[in-house]
Amino acid sequence: MILDMFLYLLGLVVFYYLYRWFREIPRVPDKGDKYVYITGCDSGFGNLLARHLDELGFCVIASCFTEKGEEDLRKACSDRFTTLHLDVKKNESVDKAAALIKDKVGARGLWAVVNNAGVAIPSAPCDWLTIDDYKSMLDVNLNGVIAVTLSVLPLIKKARGRVVNVASVFGRISPVGGPYTVSKYGVEAFNDSLRRNMAPFGVKVLCIEPGFFKTTVTDSVVLGKSIKQLWEKMPQQVRDDYGPDYLDKVDVMMREKLAKMSDTDLMKVVSCMEHAISAVRPRTRYSPGWDAKLFWIPMSYMPTGFADWLLLKEAILPAKAVN
């Protein structure tokens, strides 16, 4: 009886995944007539996605923060490819980019915008930071996402296209302090509200929630340098709370664990982004990375007390931690 029930449930699971696989195969036609606007294309996911979509035949509009980023992409991609400068923190830059895109796409509208631009520093325990530290990251990771989306939303509605927002597993659970998780929770909330608002217009709003991947966001050297700068400007009282060897322990942890946790196959994320843009029936959410699927996302559904215990169990505790 138990074996029969197990086989029945296994059969249902297999049937579900086969059905979903077949359902998600069809792709949208006429890729050459569809414009896709991507932010944060200097490196990482955005850069790979821009190249990949260009190879698939989409008309890509890739925004970069640096001239070198634009130049490298222009050399590598087709004549359909367009680059532009964008600083998501500045409204005038966002508006200028939107005006250029409007002229480019014309009456057909914009098929998709991919909000990929983001930063990961400063990241540290909350009591190391100031409100300005929070504002600097929120201006990019959250306000930038909202500003870019709203600037081209009329063009998306015209095409009945897609908005693809890159959040994070840290938009589902907060294992670390600082503004990064706050910004990603905000992206999740904006994504959900926008998805429901745009559904009556035929616009699909999708969310990408990657786990740990080897990009500048998870670069232990960059993160370590930022944490050291924060430590040096902190009040002595806060440094005393954490102890003189706390910084060294964090540095060792990042160099040893972060490198092992970070997946080097960035195409796992890019493939999810491409599916969100090109599939006839895209998923509402994508969670690329085995750590996202098997650890972070399941943990986000666990009781708060258990999640706190599990995360604090592995954390580096301050010198003055209360037993």
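- Put simply, CG on Asn197 and CZ on Phe190 are 9.0 Å apart, with the number rounded to the nearest 0.5 Å.
- Around the CD atom of Gln237, the shell of radius 6.0 Å holds no more than 12 heavy atoms that belong to other residues, nucleotides or ligands.
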Start with the C-alpha distance between Ile316 and Tyr246, add both sets of side-chain angles, then the distance that settles side chain to side chain contact (heavy atoms under 4.5 Å, CB included), and finish with yes or no. CA-CA 8 Å; Ile316 299 170; Tyr246 185 85; 3.6 Å; yes
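- The ring-ring contact (aromatic ring centres under 6.0 Å, His included) contacts involving residues 138-172 comprise Phe170-Phe212, Phe170-Trp296, where partners must be two or more places apart or lie in separate chains.
- No more than 12 heavy atoms of other residues, nucleotides or ligands lie within 6.0 Å of CG in Asp79, so this atom counts as exposed by the packing criterion.
- Atom NZ of Lys104 and atom CG of Leu84 lie 10.0 Å apart (nearest 0.5 Å).
- The number of heavy atoms from other shown groups lying within 6.0 Å of NZ (Lys90) does not exceed 12.
- Taking a 4.5 Å side-chain heavy-atom cut-off between Ile, Leu, Val, Met, Phe, Trp and Tyr, the cluster of Tyr17 extends to Val13, Tyr16.
- Under a hydrophobic clustering in which Ile, Leu, Val, Met, Phe, Trp and Tyr are joined whenever their side-chain heavy atoms come within less than 4.5 Å, directly or via other members, Leu153 and Ile61 fall into the same cluster.
- Shown here for Val176 and Thr181, the closest heavy-atom pair between the two residues is O-OG1, 3.9 Å.
- Arg108 and Asp30 are not joined by a salt bridge, as no carboxylate oxygen comes within less than 4.0 angstrom of a charged side-chain nitrogen.
- Closest approach of Phe213 to Ser262, counting heavy atoms only: C-CB, 3.9 Å.
- A 6.0 Å sphere centred on CD of Glu24 holds more than 12 heavy atoms belonging to other residues, nucleotides or ligands.
- By the side-chain contact (heavy atoms from CB on, under 4.5 Å) test, Ser287 pairs with Glu209, Ala292, Ile297, sequence neighbours left out.
- For residues 155-164, the set of pairs meeting the side-chain hydrogen bond (donor to acceptor under 3.5 Å, both in side chains) definition, not counting sequence neighbours, is empty.
- A donor-acceptor contact shorter than 3.5 Å is absent between the side chain of Asp133 and the backbone of Pro122.
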Start with the C-alpha distance between Leu86 and Val88, add both sets of side-chain angles, then the distance that settles side chain to side chain contact (heavy atoms under 4.5 Å, CB included), and finish with yes or no. CA-CA 6 Å; Leu86 179 67; Val88 299; 3.7 Å; yes
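- Between the side chain of Ser193 and the backbone N or O of Ala189, at least one donor-acceptor pair lies under 3.5 Å.
- Side-chain atoms of Arg239 come within 3.5 Å of backbone N or O of Trp231 as a donor-acceptor pair.
- In terms of modelled atom types and a separation under 3.5 Å, the side chain of Tyr286 and the main chain of Ser271 share no donor-acceptor contact.
- In this structure the side chain of Leu56 reaches within 4.5 angstrom of the side chain of Glu274, judged on heavy atoms.
- Between the side chain of Asp308 and the main chain of Gly305, no donor-acceptor pair closer than 3.5 Å is present.
- Residues Ala276 and Leu206 approach most closely at O-CD2, 3.8 Å, considering heavy atoms.
- Side-chain contact between Asp219 and Leu223 is absent, with no heavy-atom pair separated by less than 4.5 Å.
- Checking each of Trp111, Phe81, Tyr35, Tyr37 against Cys59 for a side chain to side chain contact (heavy atoms under 4.5 Å, CB included) leaves exactly one that passes, namely Tyr35.
- Using modelled atom types, one finds no donor on one side chain facing an acceptor on the other under 3.5 Å when comparing Thr39 with Asn116.
- Screening Lys31, Lys34, Arg27 for a side-chain hydrogen bond (donor to acceptor under 3.5 Å, both in side chains) with Ser278, the sole residue that qualifies is Arg27.
- Side-chain contact between Lys89 and Leu138 is absent, with no heavy-atom pair separated by less than 4.5 Å.
- In summary, the side chains of Tyr301 and Arg172 do present a donor paired with an acceptor at a separation below 3.5 Å, with no hydrogens or angles considered.
- In this structure, CE on Met234 lies 12.5 Å from OG1 on Thr130, to the nearest 0.5 angstrom.
- Ion pairing between Asp139 and Lys135 fails under the 4.0 Å rule for side-chain N and carboxylate O.
- To the nearest 0.5 Å, the span separating OG on Ser168 from CD1 on Ile208 amounts to 12.0 Å.
- Contact check for Val113 versus Val164: no side-chain heavy atoms found under the 4.5 Å cut-off.
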Kindly indicate, with the supporting measurements, whether the criterion side chain to side chain contact (heavy atoms under 4.5 Å, CB included) is fulfilled by Val169 and Lys293. CA-CA 9 Å; Val169 288; Lys293 292 179 175 68; over 6 Å; no
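- Enclosure of atom CZ in Phe65 is not indicated, since only 12 or fewer non-hydrogen atoms of other residues, nucleotides or ligands lie within 6.0 angstrom.
- In summary, Arg51 and Asp54 do not engage in a salt bridge, as defined by a charged side-chain N under 4.0 Å from a carboxylate O.
- Members clustered with Trp290: Leu294, by chain and number, using a 4.5 Å side-chain heavy-atom cutoff among hydrophobic residues.
- If you check the side chains of Thr83 and Arg74, you find a donor sitting under 3.5 Å from an acceptor.
- A donor atom on one side chain and an acceptor atom on the other are found under 3.5 Å apart for Asp240 and Gln236.
- Checked by atom type and distance alone, the side chain of Lys184 pairs as donor or acceptor with a backbone atom of Val166 at under 3.5 Å.
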Test Met273 against His52 for side chain to side chain contact (heavy atoms under 4.5 Å, CB included), laying out the working first. CA-CA 10 Å; Met273 292 172 161; His52 184 56; over 6 Å; no
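- In plain terms, the two heavy atoms of Ser226 and Ser123 that are nearest each other are OG-N, 4.4 Å.
- When ring centroids are compared, Tyr242 and Trp128 come within the 6.0 Å threshold.
- When atom types are taken as modelled, the side chain of Ser93 and the backbone of Asp87 share a donor-acceptor pair closer than 3.5 angstrom.
- Here the side chains of Thr218 and Met261 are not in contact, with every heavy-atom distance at 4.5 Å or above.
- Salt bridge absent: Asp263 and Lys214 never bring a charged side-chain N and a carboxylate O closer than 4.0 Å.
- Gly186 and Leu142 get closest at one heavy-atom pair: C-CD1, 3.4 Å.
- Using a 4.5 Å heavy-atom cutoff, the side chains of Cys207 and Thr284 are not in contact.
- The distance from atom OG of Ser220 to atom CG of Asp251, rounded to the nearest 0.5 Å, is 7.5 Å.
- With sequence neighbours left out, the side chain to side chain donor-acceptor pair (under 3.5 Å) criterion links Glu55 to no other residue.
- Within the model, atoms CG of Asp291 and CE of Met299 stand 11.0 Å from one another, a figure rounded to the nearest 0.5 Å.
- The hydrophobic clustering, which links ILVMFWY residues whose side-chain heavy atoms are closer than 4.5 Å, places Ile38 and Phe58 together.
- The two residues Gly171 and Glu188 make their nearest non-hydrogen contact at O-CG, 3.6 Å.
- Of the residues Asn191, Asn141, Asn165, the one that meets the side-chain hydrogen bond (donor to acceptor under 3.5 Å, both in side chains) test with Asn115 is Asn165.
- A salt bridge does not link Glu92 to Lys96: none of the charged nitrogens lies less than 4.0 Å from a carboxylate oxygen.
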